[in-house]
Amino acid sequence: MSTLITNVGSLVTNDPAIGEGPLGLITDAAVVIDGGTIAWVGPAAAAPTADERYDAAGRALLPGFVDSHAHLVFAGDRTAEFNARMSGQAYSAGGIRTTVAATRAATDAELEANLTRLIGEALRQGTTTIECKSGYGLTVADEARALRIAAAHTPETTYLGAHVVAPEFKEDPAAYVDLVTGEMLDACAPHARWVDVFCENGAFDGDQARAILTAGAKRGLTPRVHANQLSYGPGVQLAVELGAASADHCTHLTDADVTALASGDTVATLLPGAEFSTRAPYPDARRLLDAGATVALSTDCNPGSSFTSSMAFCIAVAVREMGMTPDEAVHSATVGGAQALRRTDVGRVTVGARADLLLLDAPSHVHLAYRPGVPLTAAVWRAGVREL
């Protein structure tokens, strides 16, 4: 059945050809959903008829959020670590190993229950597309089962066997890289679309990251990179060189890094939840945008450094702390995330796009930054089905 959503006070289409500005804004708008896709977009006064009618009551409608960076297959709790950081202890990459131990000990059912809980939590806040990484098993069997579980709930699955060196290989990281690029990759590639690596002090250096990403690409997985989060390093340059879809974090960037991102197709995915949770400096989104780089915003939802599933929260922080305008932040949280996933069917409200929609209990998308921390979700449609 088709559905007409009418009396939309402000519609974000992300298509400048059909609306005002980069967000393609249309006021007094309507949208027709048919068969899980967008069938019509335009002024409410010109809307065609449909089988059903939904009155948006003058509220704002925008594409469902596209969260292109999340770690949702895990077990355990790291409240104590967070409490220690808030009491003055510095963040480092090593805390991941705490979650590795808990994840290995968990059953498949426990991992899947936690995953579905978090996906549901994100959906209730307007996230209709979400990426999910492995990386908390670090054995062949545990990484493969993480991806199998994730793939049942999202097509955007990422092999992150190279999250940190597994504890069993602490004294022989080269042997772990061999495992990640060999037997573990063989087991995981059938369940993944992407390959990722944490290129950072305490995790993997540039040469190791190159070997891992190259091996994944040979198996048909497109690279993504955890790059330049904790320090300056080779991650961003490597991501651009290898044609990675996204360089994620991008907190510490040289001028050459910014130029590389602005000159290539690699999206700079910024994760303000991580800086909020670790009290680290925020990435400079203004610098990237002014240079012409494509920017995405994502939650980095994970139990250690960014335990939030709220894209609205990330939008508010990006506007307050990272130099973004509300329009830029919403664009980055929708079509920016879609570009980071190399998707054209999500992140926009245009004819033929998937009918993923977020109706706010507010007259404008600006309220996402204007009213931080306030639950503004009035309704959510995913693939044309009203979920809330």
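Atoms considered below: every heavy atom in the structure, side chains included; atoms not considered: hydrogens, waters and symmetry mates.
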Counting only heavy atoms not in [X] (residues, nucleotides, ligands), do more than 12 fall under 6.0 Å from its [atom1]?
{"X": "E387", "atom1": "CD", "value": "yes"}
{"X": "E183", "atom1": "CD", "value": "no"}
{"X": "R117", "atom1": "CZ", "value": "yes"}
{"X": "R286", "atom1": "CZ", "value": "yes"}

**Report entry** Residue pair I38, T350: steps toward the side chain to side chain contact (heavy atoms under 4.5 Å, CB included) verdict
**Finding:** CA-CA 6 Å; I38 304 295; T350 55; over 6 Å; no
Report task. Mind telling me whether H71 and Y136 have parallel, tilted or perpendicular rings, with 30° and 60° as the class edges? Result -> tilted
So which heavy atom on [X] is nearest to which on [Y], and how close?
{"X": "L359", "Y": "A60", "result": "CD1-O, 3.3 Å"}
{"X": "D300", "Y": "S305", "result": "OD2-OG, 3.9 Å"}
{"X": "V197", "Y": "A209", "result": "CG1-CB, 3.8 Å"}
{"X": "L238", "Y": "G206", "result": "CD2-O, 3.9 Å"}
{"X": "A316", "Y": "P372", "result": "CB-CB, 3.8 Å"}
{"X": "S231", "Y": "E200", "result": "OG-OE2, 2.6 Å"}

Measure the [atom1]-[atom2] distance between [X] and [Y] for me, rounded to the nearest 0.5 Å.
{"X": "S134", "Y": "L147", "atom1": "OG", "atom2": "CG", "value": "4.0 Å"}
{"X": "I33", "Y": "I5", "atom1": "CD1", "atom2": "CD1", "value": "3.5 Å"}
{"X": "T99", "Y": "E81", "atom1": "OG1", "atom2": "CD", "value": "7.5 Å"}
{"X": "H69", "Y": "T299", "atom1": "NE2", "atom2": "OG1", "value": "8.0 Å"}
{"X": "Q339", "Y": "R348", "atom1": "CD", "atom2": "CZ", "value": "7.0 Å"}
{"X": "L25", "Y": "L11", "atom1": "CG", "atom2": "CG", "value": "8.0 Å"}

Look only at the side chain of [X] and the backbone of [Y], and say whether a donor-acceptor pair between them is shorter than 3.5 Å.
{"X": "T37", "Y": "D34", "result": "yes"}
{"X": "Y176", "Y": "E168", "result": "no"}
{"X": "T154", "Y": "A151", "result": "no"}
{"X": "T266", "Y": "L261", "result": "no"}
{"X": "E143", "Y": "G135", "result": "yes"}
{"X": "N228", "Y": "H252", "result": "yes"}
{"X": "T13", "Y": "G24", "result": "yes"}
{"X": "R343", "Y": "T129", "result": "no"}
{"X": "R193", "Y": "L341", "result": "yes"}

With a 4.5 Å cut-off on side-chain heavy atoms, are [Y] and [X] touching?
{"X": "I96", "Y": "F198", "answer": "yes"}
{"X": "V100", "Y": "H163", "answer": "no"}
{"X": "C250", "Y": "V236", "answer": "yes"}
{"X": "F204", "Y": "V177", "answer": "yes"}
{"X": "L123", "Y": "T128", "answer": "yes"}
{"X": "E112", "Y": "H153", "answer": "yes"}
{"X": "I149", "Y": "H191", "answer": "no"}
{"X": "R78", "Y": "F307", "answer": "no"}

Hydrophobic clustering (ILVMFWY, side-chain heavy atoms < 4.5 Å, transitive) - are [Y] and [X] grouped together?
{"X": "L118", "Y": "M311", "value": "no"}
{"X": "L270", "Y": "V330", "value": "yes"}
{"X": "V258", "Y": "V267", "value": "no"}
{"X": "L297", "Y": "L376", "value": "yes"}
{"X": "F65", "Y": "W381", "value": "no"}

Is a donor from one side chain sitting under 3.5 angstrom from an acceptor on the other, for [X] and [Y]?
{"X": "D327", "Y": "T325", "value": "no"}
{"X": "R386", "Y": "T3", "value": "no"}
{"X": "S309", "Y": "Q125", "value": "yes"}
{"X": "D248", "Y": "S298", "value": "no"}
{"X": "S277", "Y": "S306", "value": "no"}

Which residues satisfy the salt bridge (charged side-chain N to carboxylate O under 4.0 Å, His left out) test with [X], sequence neighbours excluded?
{"X": "R145", "value": "D108, D142"}
{"X": "E241", "value": "R210"}
{"X": "D67", "value": "none"}
{"X": "R219", "value": "D186"}

Report task. Just do the side chain to side chain contact (heavy atoms under 4.5 Å, CB included) check on K133 and H226 with the steps written out, would you? Result -> CA-CA 12 Å; K133 305 178 190 295; H226 280 62; 3.7 Å; yes
Query raised in the report: In chain order, what residues pass the side-chain contact (heavy atoms from CB on, under 4.5 Å) check against Q237, with sequence neighbours excluded?
Result: A256, D257, A260
**Report entry** Steps toward side chain to side chain donor-acceptor pair (under 3.5 Å) verdict (T158, E131)
**Finding:** CA-CA 7 Å; T158 301; E131 180 261 10; 2.5 Å; yes
Query raised in the report: So which pairs with a foot in residues 271-282 pass salt bridge (Lys or Arg N to Asp or Glu O under 4.0 Å), sequence neighbours left out?
Result: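 Every candidate salt bridge (Lys or Arg N to Asp or Glu O under 4.0 Å) pair involving residues 271-282 fails, so no pair, neighbours aside, qualifies.
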Query - Chi angles and distances behind the side chain to side chain contact (heavy atoms under 4.5 Å, CB included) call for Y282, V317 - result: CA-CA 9 Å; Y282 287 98; V317 174; 3.4 Å; yes
**Report entry** D178/F169 under side chain to side chain contact (heavy atoms under 4.5 Å, CB included): CA gap, chis, key distance, verdict
**Finding:** CA-CA 11 Å; D178 289 342; F169 291 84; over 6 Å; no
